[in-house]
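On a predicted model such as this, the values are computed, not experimentally measured, just so you know.
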Amino acid sequence: MICSELIRTGRVDAVCVCEDGVRSERRTKILLFDDGVRGDRHAGRQRQINVRDKTLLDFGIVKDTPCAATRQVTAVSTEELASIARTLGIDGMIEPGLLGENLVITGIPRFTELPPGTFLCFKAPGGTVRAAVLAVWGENTPCMVVGAEVQEAFPGCSNITGRFVKAAAGKRGLALFVMCGGAIKEGDTVVALIPKHRLYEG
């Protein structure tokens, strides 16, 4: 028996690697190691405190202080990408890789709302369990840098850069870190093992 409070199943629609810049390139498979996706610019055991760490900066932790790399992998949802596109008035789909993600997942409702501590596990099309396991660190927040990439891809839509952060809020996907290394391939089944969470009220 799987000791998880809740289980949701979906499919890997695309796997991508971001070697440089913002956009990532679609591949047939990606390889996870303990420091992230092989060849991806976000790979590493450590990173530096930056503007995404507002709570720590407000507390007094100095910018560029080395810290754990909890954003080794990013994943988005096909359904949430479609919702973002509709909100922005885009006629068509936001193609895999445009947001710099490593995984595009379909079939898991409210994907961005999966809580920290959720494990994403994978099975090959024949049902064989893959070794790769990703752990959810938290929601991946949208930014104008990615919005500018979407604007470039859809020049006929006005002011996407300025509207992207609001349009993608709560739908930008997840930041994850590698729990177990292994391969993930396009077409794999993804299983979200979701732990029970309680709201801490102090």
Should the pair [X]-[Y] be classified as a salt bridge under the 4.0 Å nitrogen-to-oxygen rule?
X: D53; Y: R47; answer: yes
X: R45; Y: D34; answer: yes
X: K123; Y: D188; answer: no
X: D40; Y: R38; answer: no
X: E186; Y: R26; answer: yes

Once you round to the nearest 0.5 Å, how far does [atom1] of [X] lie from [atom2] of [Y]?
X: E201; Y: L199; atom1: CD; atom2: CG; answer: 5.0 Å
X: S83; Y: I94; atom1: OG; atom2: CD1; answer: 9.5 Å
X: N50; Y: C67; atom1: CG; atom2: SG; answer: 7.5 Å
X: L103; Y: F122; atom1: CG; atom2: CZ; answer: 5.5 Å
X: I90; Y: F154; atom1: CD1; atom2: CZ; answer: 4.5 Å
X: I49; Y: T65; atom1: CD1; atom2: OG1; answer: 6.0 Å

Nearest heavy-atom neighbours spanning [X] and [Y]:
X: G36; Y: V178; result: CA-CG2, 3.8 Å
X: T161; Y: A148; result: OG1-CA, 3.4 Å
X: A192; Y: I108; result: CB-CD1, 4.1 Å
X: G89; Y: C157; result: O-SG, 3.5 Å
X: A153; Y: L98; result: CB-CD2, 3.9 Å
X: A85; Y: G92; result: CB-O, 3.8 Å

Do [X] and [Y] make a side-chain contact, defined as non-hydrogen atoms from C-beta onward lying under 4.5 Å apart?
X: R163; Y: L88; answer: yes
X: L176; Y: W137; answer: no
X: E113; Y: E139; answer: no
X: F164; Y: T87; answer: no
X: V12; Y: V104; answer: no
X: V191; Y: L120; answer: no
X: R86; Y: D91; answer: no
X: T9; Y: V190; answer: no

Scan side-chain atoms only and decide if [X] and [Y] contain a donor-acceptor pair under the 3.5 Å cut-off.
X: E79; Y: T106; result: yes
X: D13; Y: T78; result: yes
X: R11; Y: T189; result: no
X: S24; Y: E101; result: no
X: T112; Y: K171; result: no

If only atom types and distance count, is the side chain of [X] paired as donor or acceptor with the main-chain N or O of [Y] below 3.5 Å?
X: R110; Y: G170; result: no
X: R27; Y: V17; result: no
X: T118; Y: L114; result: no
X: H197; Y: G117; result: no
X: Q46; Y: A68; result: no
X: D35; Y: A43; result: no
X: Q48; Y: K63; result: no

Within 6.0 Å of CZ in R8, more than 12 heavy atoms from elsewhere: no
Within 6.0 Å of CG in D20, more than 12 heavy atoms from elsewhere: no
Is there a path of hydrophobic side-chain contacts, each under 4.5 Å between heavy atoms of I, L, V, M, F, W or Y residues, that connects [X] with [Y]?
X: M93; Y: I84; result: no
X: L174; Y: L81; result: no
X: V146; Y: F111; result: no
X: V51; Y: L56; result: no
X: I194; Y: L134; result: yes

Residue pair V37, L31: steps toward the side chain to side chain contact (heavy atoms under 4.5 Å, CB included) verdict: CA-CA 6 Å; V37 177; L31 296 174; over 6 Å; no
Pairs where residues 148-160 contributes a residue and the test salt bridge (charged side-chain N to carboxylate O under 4.0 Å, His left out) is met, not counting sequence neighbours: R23-E149, R23-E152
Worked verdict on V22 versus L99 for side chain to side chain contact (heavy atoms under 4.5 Å, CB included): CA-CA 7 Å; V22 177; L99 307 189; over 6 Å; no
Worked check of side chain to side chain contact (heavy atoms under 4.5 Å, CB included) between V15 and T28: CA-CA 7 Å; V15 294; T28 56; 5.8 Å; no
Worked check of side chain to side chain donor-acceptor pair (under 3.5 Å) between T141 and R52: CA-CA 8 Å; T141 53; R52 291 178 178 270; 3.1 Å; yes
